[in-house]
Amino acid sequence: MDKRSDRVQPTRLSTDFFPLDIHKSMFINDLTVTIPSSYVKMWGDKVLKNHNKNNRLWEIDINYESPKELGKQKHVFKAKLTLSFIKKRNQVSSYRLKWDNGFAVQLAKDYPKSFVRSLEFHIGDEHYKELRYTEFDIGGFKEQVQVKIEWKNNLPQVTIKEFFRVRDESQGFPKVFKELSSYLIADYLLSSEEEMLRRIQVSQWKPRSEISSELNENNIYLLLNRETKEIYFGETKQSLSKRYPVTQKHHTFDEWNEFSVIKLPPETSDHTRLLIERILIATGSKLFSNNLYPEVPILEKHVSLTLRNKKK
């Protein structure tokens with residue numbers, strides 16, 4: 001008897017299928033899964049002996065069936081099955097199935113709770129590494145598909161369908177997961193590089209007293225004193241509330257009384273964030289009075305600001 005009441009299908013696998021936990025690499029970045037070596041061995045020597053460095057890449061179709069709760073709709077997606085030749089790795093451990101965004105989007109639509117969980121792990125990568133969490137430590141569940149790869153005329157045929165999906169009514173917040181998933185699909189799986197740039201968010205000027213509620217991480221920020229006409233550009237991987245606790249003075253410019261935050265995309269690296277800060281400082285030094293560069297700024301002091309940064 002299956003004790004998991006949230007199951008849509010029985011535990012038993014269909015003949016010649018293997019179970020596959022739905023994980024981050026199926027949605028984000030890699031879009032790749034490794035075929036279990038125990039499953040590959042079942043193909044037998046008749047198949048495996050035909051594979052070599054001249055016969056190790058197959059353009060295939062994934063025949064996909066959506067979950068029972070969503071009508072078992074049929075879809076076909078383009079993909080590749082590859083065999084890599086890596087030292088100290090045997091052949092049966094070296095088969096990968098890789099697809100494009102089309103299939104990733106379909107999986108995200110059909111398994112929204114897994115997609116949102118995967119994205120949480122992706123965005124919070126450093127945080128969860130510090131906690132020594134795995135992806136499946138978040139959410140407490142593993143949805144699964146089942147996969148079959150059979151060889152006909154030396155060509156692989158791939159079928160993927162549901163094995164375990166959390167029922168809509170058991171998801172806790174099914175409407176939220178569905179709507180959030182749809183938004184994040186567009187934002188993370190379908191965005192071009194230009195669209196990713198549009199995800200930069202700029203806050204309004206806020207009083208210093210509100211800094212404790214500023215929880216977004218990975219930021220460029222501006223500190224301002226409107227009365228003395230002074231400004232400071234900075235960058236931080238932390239949230240601004242952690243960077244500047246209410247009880248702590250600023251190391252360079254403690255007279256600021258307003259701030260604005262430029263929230264960068266989560267995948268912005270430390271190097272890129274620091275580069276953006278330096279570009280802002282260099283630009284500001286050309287426009288505003290400062291102690292960084294000897295040349296006269298473009299804007300006259302009585303109609304301009306003073307740049308308070310002390311380092312380029």
Side-chain angles (χ1 to χ4, degrees), residues 1-28 30-44 47-48 58-83 92-118 121 134-136 138-152 155-171 174 177-178 181 185 189:
M1 178 179 177
D2 184 3
K3 294 182 180 180
R4 290 181 289 184
S5 59
D6 290 341
R7 259 201 183 281
V8 174
Q9 289 192 338
T11 305
R12 182 176 56 83
L13 282 170
S14 298
T15 304
D16 296 329
F17 282 75
F18 68 86
L20 176 64
D21 294 340
I22 299 177
H23 58 272
K24 181 171 74 76
S25 293
M26 297 169 68
F27 302 114
I28 303 165
D30 297 334
L31 309 187
T32 303
V33 296
T34 299
I35 311 303
S37 58
S38 58
Y39 187 81
V40 172
K41 290 176 182 177
M42 294 170 56
W43 295 343
V47 170
L48 297 178
W58 300 271
E59 304 279 350
I60 63 167
D61 290 333
I62 292 178
N63 296 294
Y64 174 74
E65 179 182 278
S66 66
K68 180 180 179 181
E69 199 170 16
L70 302 179
K72 287 191 171 185
Q73 297 180 359
K74 307 289 186 181
H75 304 272
V76 178
F77 297 97
K78 297 296 181 182
K80 294 179 181 179
L81 181 66
T82 62
L83 167 62
V92 295
S93 301
S94 301
Y95 288 85
R96 309 281 185 272
L97 182 61
K98 183 175 180 62
W99 51 78
D100 58 20
N101 273 14
F103 187 43
V105 168
Q106 188 65 50
L107 285 173
K109 288 179 179 177
D110 290 349
Y111 298 89
K113 195 168 184 180
S114 287
F115 175 53
V116 173
R117 181 209 62 218
S118 296
F121 188 74
T134 69
E135 179 182 348
F136 296 112
I138 305 170
F141 65 93
K142 290 185 182 180
E143 292 185 301
Q144 296 172 304
V145 291
Q146 51 181 314
V147 183
K148 178 170 72 172
I149 302 174
E150 54 184 344
W151 293 83
K152 294 185 177 180
L155 296 174
Q157 297 187 356
V158 179
T159 303
I160 299 179
K161 60 182 181 178
E162 173 193 10
F163 186 43
F164 165 44
R165 179 181 184 272
V166 176
R167 292 180 183 273
D168 286 349
E169 64 268 22
S170 300
Q171 289 183 14
F177 278 117
K178 183 177 179 181
S181 179
I185 286 170
L189 299 186

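A quick note: this is a predicted structure, and the numbers were derived from the prediction, not measured.
Trp151 and Trp58 have perpendicular rings, their planes meeting at more than 60° on a 0 to 90° scale where under 30° would count as parallel.
In summary, Glu143 and Lys113 do not engage in a salt bridge, as defined by a charged side-chain N under 4.0 Å from a carboxylate O. Salt-bridge check for Glu135 with Arg117: passed, with a basic side-chain N closer than 4.0 Å to an acidic carboxylate O. Using a 4.0 Å cut-off between charged nitrogen and carboxylate oxygen, Lys148 and Asp16 do not count as a salt-bridge pair.
For the pair Val158/Leu81, no side-chain contact is recorded, criterion being any heavy-atom separation below 4.5 Å from C-beta on. Proximity of Ile160 to Asn63: side-chain heavy atoms (C-beta onward) are nowhere separated by under 4.5 Å. Proximity of Glu162 to Leu70: side-chain heavy atoms (C-beta onward) are nowhere separated by under 4.5 Å. Residues Phe18 and Ser38 are not in side-chain contact: their nearest non-hydrogen atoms beyond the backbone lie 4.5 Å or more apart. Side-chain contact between Val33 and His23 is present, with at least one heavy-atom pair separated by less than 4.5 Å.
Considering every non-hydrogen atom in both Ser66 and Gly71, the closest pair reads OG-C, 4.2 Å. Nearest heavy atom pair, residue Asp21 against residue Phe136, reads CB-CZ, 3.9 Å. Scanning both residues, Phe103 and Phe77, for their nearest heavy atoms gives CD1-CD1, 3.4 Å. Smallest separation of non-hydrogen atoms from Phe121 and Thr134: CE1-C, 3.5 Å. In terms of heavy atoms, Leu31 sits closest to Ile28 at CD2-N, 3.7 Å.
Under the side chain to side chain donor-acceptor pair (under 3.5 Å) test applied with Glu65, the options Lys74, Lys161, Gln73 reduce to a single match, Lys74.
Between the Gln146 side chain and the Ser14 main chain, a donor and an acceptor come within less than 3.5 Å of each other. Using modelled atom types, one side-chain atom of Thr32 and one backbone atom of Asp30 make a donor-acceptor pair closer than 3.5 Å. Using modelled atom types, one side-chain atom of Arg165 and one backbone atom of Asp110 make a donor-acceptor pair closer than 3.5 Å. The closest donor-acceptor contact from the side chain of Tyr39 to the backbone of Ile149 lies under 3.5 Å.
Rounded to the nearest 0.5 angstrom, Phe115 CZ and Ile22 CD1 are separated by 12.5 Å. Taking CG from Asp100 and NZ from Lys80, the interatomic distance works out to 9.5 Å, rounded to the nearest 0.5 Å. One distance of note links OH of Tyr95 with OG1 of Thr34; it measures 13.0 Å at 0.5 Å rounding. Note that the NZ atom of Lys152 and the CD atom of Glu150 stand 4.5 Å from one another [nearest 0.5 Å].
In this structure, Trp99 has its ring center at least 6.0 angstrom away from the ring center of Tyr64.
Annotation: Lys41, atom NZ; neighbour count of heavy atoms from other residues, nucleotides and ligands within 6.0 Å does not exceed 12.
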*Please lay out, stage by stage, how Leu97 and Ile60 fare under the test side-chain contact (heavy atoms from CB on, under 4.5 Å).*
CA-CA 10 Å; Leu97 182 61; Ile60 63 167; 3.5 Å; yes

